[in-house]
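Take a look at the structure set out below.
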Amino acid sequence: MNFDELFGHFGQHTVDGLSKGAIYALIALGYTLVYGVLRLINFAHSEVFVVGTFAVLGAWTAFGLQDNPGAGQAILFLLIGLVAAAVASGGTALALERIAYKPLRKRNAPPLVFLITAIGLSLVLVEILGLLLPRLVGGVFPTLFGRERQIVGMPTLIEQKALITIGDTAITNVQAIVFVSALLMMAALDWFINRTRYGRGVRAVAQNPETAALMGVNQDRVIMLIFVLGGVMAGAAALLWSVRFGFTQSSLGFVLGLKAFTAAVLGGIGNLRGALLGGLFLGLVEVYAATLYTSAWEDVVAFVVLIVVLMFRPTGLLGESLGRARA
Amino acid sequence: MRRKYVRALSTTALAAVMVAAAGCQDAGDGGSTEAEACGGKIAIFGAFTGDNAGLVIPSLNGAKLAVKQHNAAKPDCKVTLQEFDTQGDPAVATPFASQIAGDASFLGVIGGHFSGESDATMPVYQAAGLAMVSPSATRIDLTQKGNTSFFRVVGHDGTQAAAVATYLKAQSAQKVFVVDDGSAYGAGITAELGKALGPLVVATDKIQERQSQFDATVSKIKSSSADYLFYGGYTREAAPLVRQMRAAGVTAKFIGPDGLYDPAFPEGAAGGAEGAIITCPCLPADKAGGTFAADYQKEYNIAPGSYGAEGYDGAKVYLDAFDAGKQTRADILAFVKSYDKQGVSKYIKFDAKGDVDPTKVVIWAYEVKNKQITALQELKVS
């Protein structure tokens, strides 16, 4: 038990935990949006995120990013990465819905069929990224992938530097970018769902699909919209991941997806603000646990905390429904 | 209703035919060996794809090369090498082991390549009387569990850890931070090193396999103000760890054992691994005996990386057994036990436990330079 380390640099670990949790929260939004409307856990969402990281890698390589470019170039590459990741992730999420889930819904398949389809899709996507992509793209960018299923690194876009130092707690520029961008994305999504016409449609379908249809809401379009929104958020998370950690791998999604799903449940699945709270909370708990014991224990502690929270608040920290989200 | 039946039946029949055809193909591979009492079939298993395959592929290629050369020299005495890709996972390796043990046409096994999968499958092969010759499983206690059919053509982690400790002391390291991944191999070699370094180890941490984010570990390394970081484990976790450590401004030198001898380590760390030291009980390619390095280069158009020579030697042990007319599992096991010959990587003669003579083991240090793993110097064991 390393209390000295935990309390000696408590501020630093809090900053680390928040920036870790911000990425969980962005991925968690995809689970929560789809669950809120369809009562479906889209387990393939973790691969939607991984597709985004590969899109960032591809776009940066194609445009010839070198390590540590100047500020102007860095902003340009951030935008390129964001567009590539958002299009790839949003497109993948939409394709999953059109190809796999929509036909099932038309035939009124039972919920278990959706669940096993989602798990199957997740495995298929992992192998497409791991086996097929290196073979297809490897010819064009021979240095990009190495061998099949290999971990691949990306150039450093922004060199980490301490931005603000309070005592011995340093907030780096990259951590600040990750945290602030994640908050901005979430605020924008929250505004979209709660304040716009399309958002009203989403909330209406989440509350009562039949009534919404009677009132003239196009259910199919709403469902496509939430898959795309979740995908775009995952794409943003993929860009932030690439800036902060700079590597990807076909099997990256499994652990991250599990954590993001946990964050969604912790905050109250189907609840957007809950996803944010759950993600940040999980990030903090993990970093504190890894500091106090070792990283080998962080998942154990995180899941014990999850179980304890769910014992007292079975619907998560902020409660469940998207439609009735507390303002 | 009846149509459904017919459809189901015909699908089943089609599936059965396909499975049978696949089975025939397999049997066909080894079928050319009957009558003449030479040649035979051996199995090789290891992580040929997956997170840490870069470490193992040279060994597979080395073994394939040995078999190819043998078959070219003795065309009517063909030896078949069948691959089983475990992805380095003990849970995948175990069912393969049962399959290989149950198939009487397999006369010997090359592998496992990792310590975890070797440990998990040893009892199965032991019970079946099959010899295992490992090119790269280095955990120290693999040969100390009373198993009589496990051999390795590589030095164990005790030797490697001693060499790392000697190296660190020679570099006058003051504070060493050690991290391991909790695997059979990583935790094993890290514990050995800890014993050898004693009070030089200032702090330790453990991470998990498949972990990607290392904030807590990096903070601990920073707080310890260590001048060396030793990481016991494989590439998948080491690459992001070293990168995040460097990004956070940690300047401690990074040193790791043979599990990191994989082109994916510098590639995955994208520059973060520059200057990292990797130790390995494997020879640099150009130091291997005979024409091995040139032959390998010609065959695969790439220099043999980690364990290419050891994989070649592992296969050679069996090829020599076949050439000596050994045709049963028991005879081959006895032949391997009494093997006594110069190999391309080192002189190969196993002691009673299945280890090669420690004085014949050479440990080399490699350095990551411009994202390439380059030979640095030979390490002294003590």
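This one's a predicted model, so the numbers in the text were calculated from it and none came from an experiment. Below, chains carry the letters A, B, ... as their sequence lines are ordered, and counting in each starts from 1. The basis for the numbers below is simple: all heavy atoms, side chains too, and nothing from hydrogens, waters or symmetry mates.
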Proximity breakdown for [X] and chain A, heavy-atom pairs closer than 4.5 Å:
X        : result
B/Ala203 : neither
B/Arg243 : side chain
B/Gln87  : side chain

Engaged part of [X] at the chain B interface, taking heavy atoms whose separation is under 4.5 Å:
X        : result
A/Asp4   : neither
A/Leu256 : side chain
A/Leu252 : side chain

In terms of heavy-atom pairs under 4.5 Å with chain B, which of [options] leads?
options                               : value
A/Phe254, A/Trp297, A/Phe245          : A/Phe245
A/Ser250, A/Ala170, A/Ser251          : A/Ser251
A/Thr248, A/Asp67, A/Asp168, A/Asp299 : A/Asp299

Do the side chain of B/Arg210 and the main chain of A/Val255 share a donor and acceptor less than 3.5 angstrom apart?
no
Nearest non-hydrogen partners of B/Gly268 and A/Phe247, listed with the distance:
O-CB, 4.0 Å
Can you run down the ring-ring contact (aromatic ring centres under 6.0 Å, His included) pairs that involve residues 206-230 of chain B, sequence neighbours left out, and say none if there aren't any?
none
Considering only heavy atoms, give the residues of [range] separated from chain B by less than 4.5 Å, sorted numerically, with 'none' for an empty result.
range                       : value
residues 13-27 of chain A   : A/His13, A/Asp16, A/Lys20, A/Tyr24
residues 284-296 of chain A : A/Val287, A/Ala290, A/Thr291, A/Tyr293, A/Thr294, A/Ser295, A/Ala296
residues 155-164 of chain A : A/Pro155, A/Thr156, A/Gln160

Quiz question: by atom type and distance under 3.5 Å, do the side chains of A/Gln249 and B/Asp51 form a donor-acceptor pair?
yes
